[in-house]
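Please read the structure below before turning to the comments.
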Amino acid sequence: MSDLLDHATTPSSPPATTPDPWWRQAVVYQVYPRSFADSNGDGTGDLPGITARVPHLVSLGVDAVWLSPFYPSALADGGYDVDDHRDVDPAIGTLEQFDEMVATLHAAGIKVVVDIVPNHSSNRHRWFRDALAAGPGSPERERYVFARGRGEHGELPPSDWTAVFGGPAWEPVGDGEWYLHTFAPEQPDWNWDHPEVREDFLTTLRFWADRGVDGFRVDVAHALVKDMSSPLPSAAELAADDLPDGAHRFWDRDEVHEVYRAWRAVFDEYDPPRTAVAEAWVATHRRARYASPEGLGQAFNFDLLRSDFDAASFRRIVEENLRLAAESGTSSTWVLSNHDVVRHVSRYGLPDGMDEADRARWLLSGGTDPAPDLERGARRARAATAFLLALPGSAYLYQGEELGLPEVADLDAAVLQDPTWLRSGHVDKGRDGCRVPLPWTAEGPSHGFGPGPSHLPQPSWFAAHAADVQDRDPRSTLSAYREALAWRRRLRTGEELVFEDAPEGVVRFRRPGGWTCVTNFTTRAVPLPPGRVVLSSGAPADELDGELPGETTVWLLPAD
Ligand code: NOJ
């Protein structure tokens, strides 16, 4: 076919003798269980709902699903406040229904990844209740991060640290002690220096691996290990940007990798070895440690998700991440949307250059100031997705992006569930707008999500995005995703990528076998490079007429 392998600039393949692990180039579809499909009409998505929708995942062509938490939870943080890591929330299903779901997915050739939340439990966890009951100085309290408050009676917090969702990071328990919660007060942080905590998580990993789970997504993987020695630094000292790598009191400490080496030993007890992907919001050069084969194996790369739709930025991100992945002996990951960020159709429809704080202000305006150009957002989103799916490494898709869903930016304050809304003092509406239950059908009480209303209200415009409408339309976003995934499967022959010359604002790269991906990030048409267009994110191939329109991606096979 081609001599491409000889010229690869970014080799990241394992040696030829190593069988390719399934996850290296997988397309992983994120299911947010409470908002995917509701089988019993209680308004909450559930495991039988997921099982019933496996045909959708099959027709989409994904390799794996990642399930956000489905464990028992009071939902102080959408399920990331876990009461019991080895059970299913009764509102979502049972362990038997979990087994049925896994069996159905496996029978369809789809792997299963579950979310592990190791930084914190919920405040309803048995060990946290024991800690509260046992009182200061007890061994039960040592499993969490308790500290005596300042002031004569411990009436002041041990430090002025703030939580990620806003407000203080310490909560008093009424006896002079306070506990640390990096996130909501209902999410007390574990003490990872405690051997029982370490052991308990190994038990949890085996529990799910024994049930057939193929991999784990590790929540805030960079937060677990903390240096709580006295005196505690102030928030200002912690925020100083001159701290050397690994020296922050609780983010990205080097010792955290001991934890993951122990997890790796558990993963390797299984055949095939289980895998994991770290959610670690760390500097790019620190990410490889989480992704190393002795550690979790992969780490999310959120660089594209944080980038504007911009040729130079996309190219730089790809070059940097393929280099890093090759250096650490793994493959890269690519993400445009997940359950924590404004959906990328909306992001790309807003003016370039907006950051998270700008988007929070935009949400506060009900999504009107500035008004997004959603047609443009959808066009760019499809082009970016086709770009991403042409890359080597694994692609993470978030439920609903295959329907081209924009953010639901005008949710009424009364229905908001995200703790961010309350904890930010009502300045940040939070993440509910990307978690609205999916529209499966144009008609029906919750657009086919379930037999009753959904736990977050769906806007009437969801009807136009419904899966059943798009299923019949060869030009729909759903059809575009199916087509791209099918071509990706056919063309996937290796992990090499070579950039080729392209006009300003255009990125073009070649993959093994000689096929190329070209994205025009500008708004003007450019001449199409030679080759046979097999995939177009915009107008169908036979309508292109020698030109690549603006904000469009095409995949080309070599000309015969
Ligand atoms: C990251 C998760 O993606 C997010 O949804 C959650 O709120 C925090 N971790 C805390 O668990």
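When a ligand or atom number is given, it counts from 1 through the structure's own listing order.
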Partner set under salt bridge (Lys or Arg N to Asp or Glu O under 4.0 Å) for E255, not counting sequence neighbours: R253

Atoms in ligand 1 flagged as close to R435, the criterion being non-hydrogen separation under 4.0 Å: 5 (O)

Q30 to ligand 1, any heavy atom closer than 4.0 Å: no

Atoms in ligand 1 with a heavy atom of H120 nearer than 4.0 Å: 10 (C), 11 (O)

Residue R431 vicinity, atoms of ligand 1 by number, heavy atom under 4.0 Å: 4 (C), 5 (O), 6 (C), 7 (O)

Under 4.0 Å to a heavy atom of H339 - the qualifying atoms of ligand 1, by number: 2 (C), 3 (O), 4 (C), 5 (O)

Option set D340, T420, D115, criterion heavy-atom distance to atom 4 (C) of ligand 1, minimum: D340

Pair D189, T182: side-chain N/O donor-acceptor within cut-off below 3.5 Å: yes

ring-ring contact (aromatic ring centres under 6.0 Å, His included), paired with F216, selected from F267, Y270, W208, Y260: F267

NZ/NE/NH1/NH2 to OD/OE distance under 4.0 Å, R211 and D99: yes

Residue part near ligand 1, for W281, under 4.0 Å between non-hydrogen atoms: neither

Plane angle bin for Y80 and H339 - parallel if under 30°, tilted between 30 and 60°, otherwise perpendicular: parallel

Atoms in ligand 1 with a heavy atom of F165 nearer than 4.0 Å: 7 (O)

Heavy-atom nearest neighbour in the protein, as seen from atom 10 (C) of ligand 1, with distance rounded to 0.1 Å: D77 OD2, 3.5 Å

Distance from atom 9 (N) of ligand 1 to nearest protein heavy atom, with residue and atom: D219 OD1, 2.8 Å

Given F146, W161, Y179, the one that forms side-chain contact (heavy atoms from CB on, under 4.5 Å) with W170: W161

Any R286 side-chain heavy atom under 4.5 Å of H222 side chain: no

